[in-house]
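Chain letters run A, B, ... following the sequence lines, proteins first, then strands; residues in each count from 1.
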Amino acid sequence: MHDIKYIRNNFSEFKKQVNNRNTEVNLDKILELDTKNRSLIQEKEKLESEKKTLSKQNDKSLFAKSKDLSKKIDKISEDQLNERKKLNQILSQIPNIALEDVPVGKDEKSNKEIKKSGNIPNFKFKPKSHYELGENLNMLDFELATKTTGSRFVFVKDKLAQLERAISNFMIDTHINENGYKEISPPLFASENSMFGTGQMPKFEDDQFEIKLDNKSGRKFLIPTAEVILTNMVNDTILNHSDLPLRFVASTPCFRKEAGSYGKDTKGMIRQHQFYKVELVSIVDPVNCKDELERMTSSACKILDKLKLPYRVIKLCTGDMGFSAQKTYDIEVWLPSENIYREISSCSTCGTFQARRMKARFKKSNNEKEFLGTLNGSGLAVGRTLIAILENYQQEDGSILIPDILRPYMNNLEVISKI
RNA sequence: GGAGAGAUGGCUGAGCGGUUGAAAGCACCGGUCUUGAAAACCGGCAAAGGGGCAACUCUUUCCUGGGUUCGAAUCCCAGUCUCUCCGCCA
């Protein structure tokens with residue numbers, strides 16, 4: 001959510017920056033609504049002030065007049081609330097604006113590669129896809145999932161299930177022991193308010209799974225990412241400056257409808273309705289957002305380094321970033337079967353955009369309150385890491401070598417092969 | 001599922017129709033004292049929004065939404081959430 005004052009005072013600049021974000025919001029309407037809203041407020045307040053004075057006099061002869069004022073106030077108040085509602089509706093749909101160093105562009109073609117790391121494996125045979133490998137091992141079962149559940153789900157079995165768990169534990173351990181994150185095991189349901197806070201709602205409601213608890217309580221949604229629940233830990237709070245930075249890590253299932261991606265990545269477990277992800281969230285003094293983003297991204301890269309998987313880091317352009325992001329690095333891992341890099345992590349700073357929606361603030365030394373900076377990143381997507389290991393560590397006979405660093409998590413198993 | 005209790009500023013907690021935006025304590029900030037710190041003492045300290053270059057000023061807010069009243073944190077109704085007890089339960 002943007003500060004209306006900022007919009008008012010920097011309108012043309014703001015408009016230009018929002019247009020870089022591929023949105024079709026009627027920004028001129030904002031100014032109009034804002035002006036209307038404020039003039040109604042002035043009218044209302046003038047009458048309220050009058051009424052207050054009358055009331056204080058406690059004089060019977062003035063009661064009728066006061067009652068009359070009340071009616072007028074009610075009327076104006078209703079109009080004003082109406083205008084403000086319309087204004088907020090528009091404001092809540094405007095994406096964050098990008099930092100200066102973010103490339104301007106319409107789609108992924110304008111993204112900039114900024115780092116490449118690791119060696120692309122040179123196979124003496126034609127590398128198989130992760131689903132071929134997994135199915136041949138009898139350890140990935142898509143058909144079974146179709147039977148029990150439906151499309152875009154998978155059964156991971158036996159040693160691959162163990163490997164998946166190992167990946168997740170290894171990532172968490174690294175982040176808590178080496179990168180200073182605190183482990184959290186959060187709820188997987190989020191309230192509508194939390195979904196609003198991080199920006200999933202109202203604009204992206206169609207991507208979310210709503211859960212019906214009962215008829216009484218408020219709306220609940222399965223988290224599409226732990227970012228929602230971890231970031232909202234500071235919802236409506238005022239932290240002390242000395243509490244900062246807060247760094248959280250959680251490994252959770254994530255649930256997404258993947259609406260609008262029909263026909264995309266239908267084979268394999270690249271795009272599922274449910275997947276595990278290790279998520280990193282930082283809550284910081286907003287002046288530190290940029291540094292924290294670098295730190296977070298390198299925390300995520302470190303995982304790939306340790307797994308010895310080849311990857312590259314991409315700086316997303318304005319048109320390709322997520323709704324709440326101010327700047328985003330995607331980390332892409334090499335997939336031999338596709339001969340391309342695929343996204344395995346996305347690290348973003350949101351500046352104060354989410355904090356403003358959440359009313360998440362901190363107290364500065366002079367007691368002034370300021371909105372917090374929030375960042376989130378995958379560290380990493382567990383399912384996709386499993387895919388990357390399958391494909392990059394495959395051998396000609398279809399067995400999978402286990403990366404050294406994961407062996408302690410696998411009872412020192414060295415290779416996964418068909419039984 | 002049944003029965004109760006509650007929701008007040010960053011926190012704890014008074015107030016229960018008319019200078020109450022709200023006592024008190026804690027926390028925090030400034031100062032005195034001290035070589036420095038602590039303690040003690042003095043002072044300050046809610047938020048959001050509107051107007052003004054500014055000093056400043058106005059309005060709203062005591063869970064949310066309605067209602068009663070000239071006037072509501074205080075009374076009434078509905079809702080949400082929290083807690084306790086009973087039942088059920090991984």
Side-chain angles (χ1 to χ4, degrees), chain A residues 1-11 30-92 185-197 201 210-221 229 232-244 246 252-253 283 285 352-372:
Chain A
M1 193 87 116
H2 295 286
D3 183 1
I4 182 69
K5 279 185 199 158
Y6 174 82
I7 298 178
R8 199 187 294 151
N9 298 331
N10 306 276
F11 190 67
I30 293 179
L31 281 192
E32 192 189 313
L33 288 169
D34 178 47
T35 311
K36 234 183 198 166
N37 177 239
R38 281 186 300 152
S39 79
L40 285 170
I41 286 174
Q42 282 174 52
E43 247 181 275
K44 184 181 78 169
E45 291 187 349
K46 203 179 132 228
L47 295 177
E48 276 170 343
S49 187
E50 268 178 58
K51 184 184 158 192
K52 211 169 171 178
T53 324
L54 283 186
S55 220
K56 273 195 178 144
Q57 288 169 14
N58 198 1
D59 175 347
K60 270 206 170 95
S61 66
L62 295 173
F63 288 176
K65 196 175 172 196
S66 175
K67 203 160 190 175
D68 191 49
L69 276 175
S70 289
K71 275 185 199 143
K72 281 188 195 158
I73 291 170
D74 283 350
K75 172 79 182 64
I76 296 175
S77 190
E78 200 188 319
D79 291 350
Q80 185 260 324
L81 250 47
N82 227 313
E83 295 303 308
R84 206 186 58 191
K85 206 170 151 190
K86 281 192 242 169
L87 178 63
N88 279 341
Q89 223 154 39
I90 300 182
L91 286 179
S92 66
S185 176
L188 305 179
F189 291 8
S191 67
E192 186 175 14
N193 187 45
S194 289
M195 296 290 273
F196 177 83
M201 303 277 278
E210 182 164 5
I211 293 296
K212 189 150 188 169
L213 276 192
D214 52 57
N215 292 321
K216 278 194 270 170
S217 42
R219 302 178 75 191
K220 306 266 186 290
F221 298 84
I229 211 85
N232 274 286
M233 286 169 74
V234 296
N235 187 308
D236 195 31
T237 49
I238 301 178
L239 297 173
N240 290 318
H241 193 257
S242 56
D243 297 332
L244 304 175
L246 295 175
T252 70
I283 310 292
D285 182 328
T352 57
F353 185 83
Q354 293 180 324
R356 199 168 265 118
R357 292 178 153 242
M358 292 189 298
K359 296 182 179 62
R361 290 166 295 172
F362 70 101
K363 221 190 290 183
K364 299 206 285 192
S365 57
N366 58 6
N367 263 347
E368 261 175 46
K369 277 107 193 159
E370 198 182 314
F371 287 111
L372 289 157

What does the 5'-to-3' dot-bracket notation of RNA chain B look like when only Watson-Crick and G-U wobble pairs under 3.5 Å count, and pairs to other strands show as |? ((((((((.[[[..)..(.....]]].(((((.......))))).((((((....)))))).[[[[[..)....]]]]])))))))....
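- Nearest to the side chain of A:Glu45, among B:G50, B:A48, B:C70, sits B:G50.
- Mapped onto RNA chain B by nearest heavy atom, A:Lys67 and A:Asp34 fall at different nucleotides, with A:Asp34 at the one closer to the 5' end.
- Looking at heavy-atom distances under 4.0 Å, A:Lys52 makes contact with sugar-phosphate atoms alone, never a base.
- For the C1' atoms, the distance from B:A22 to B:C85 is 34 Å, rounded to whole Å.
- Counting only heavy atoms from C-beta on, A:Ile41 has its side chain closest to B:G49 among B:G49, B:C70, B:A48.
- Looking at A:Glu48 and A:Lys51, their side chains never come closer than 4.5 Å, going by heavy atoms from C-beta outward.
- Contact between the side-chain N/O atoms of A:Lys5 and the OP1/OP2 oxygens of B:G50 is found at a separation under 4.0 Å.
- Phosphate contact (OP1/OP2 of B:U59, side-chain N/O of A:Ser49, threshold under 4.0 Å): present.
- A close approach under 4.0 Å does not occur between any side-chain nitrogen or oxygen of A:Arg84 and OP1 or OP2 of B:U60.
- The shortest distance between the side-chain N/O atoms of A:Ser70 and the OP1/OP2 oxygens of B:G71 is below 4.0 Å.
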Which atoms of nucleotides 51-54 of chain B (N or O only) lie under 3.5 Å from a protein N or O atom, and what are those distances?
residue: B:G51; atom: OP1; partner: A:Arg38; partner atom: NH1; Å: 2.6

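- Side-chain contact between A:Asn37 and A:Leu40 is absent, with no heavy atoms from C-beta onward closer than 4.5 Å.
- When atom types are taken as modelled, the side chain of A:Thr35 and the backbone of A:Leu31 share a donor-acceptor pair closer than 3.5 angstrom.
- An OP1 or OP2 oxygen of B:G10 is reached within less than 4.0 angstrom by no side-chain nitrogen or oxygen of A:Lys369.
- Contacts of A:Leu47 classified as side chain to side chain contact (heavy atoms under 4.5 Å, CB included), with partners at least two apart in sequence or in another chain: A:Glu50, A:Leu69, A:Lys72, A:Ile73, A:Ile76.
- Of the two residues near RNA chain B, A:Glu48 and A:Lys51, the one whose nearest nucleotide lies more 5' is A:Glu48.
- Using a 4.5 Å cut-off on side-chain heavy atoms (C-beta onward), A:Leu246 and A:Leu239 make contact.
- In this structure, A:Asp3 contributes its side chain and A:Lys5 its backbone to a donor-acceptor pair below 3.5 Å.
- Distances shown here put every side-chain N or O of A:Lys363 at or beyond 4.0 Å from the OP1 or OP2 atom of B:C45.
- At distances below 3.5 Å, not a single donor-acceptor pair connects side-chain atoms of A:Asp34 with backbone N or O atoms of A:Ile30.
- A distance of 11.0 Å separates CG in A:Asp79 from CG in A:Asp74, rounded to the nearest 0.5 Å.
- When heavy atoms are screened at a 4.0 angstrom cut-off, A:Lys46 is found touching no nucleic acid atom at all.
- When side chains are defined from C-beta on, A:Ile229 does not count as touching A:Thr252, because their heavy atoms never get closer than 4.5 Å.
- Contact annotation for A:Leu54: no contact, since no heavy-atom pair falls under 4.0 Å across all strands.
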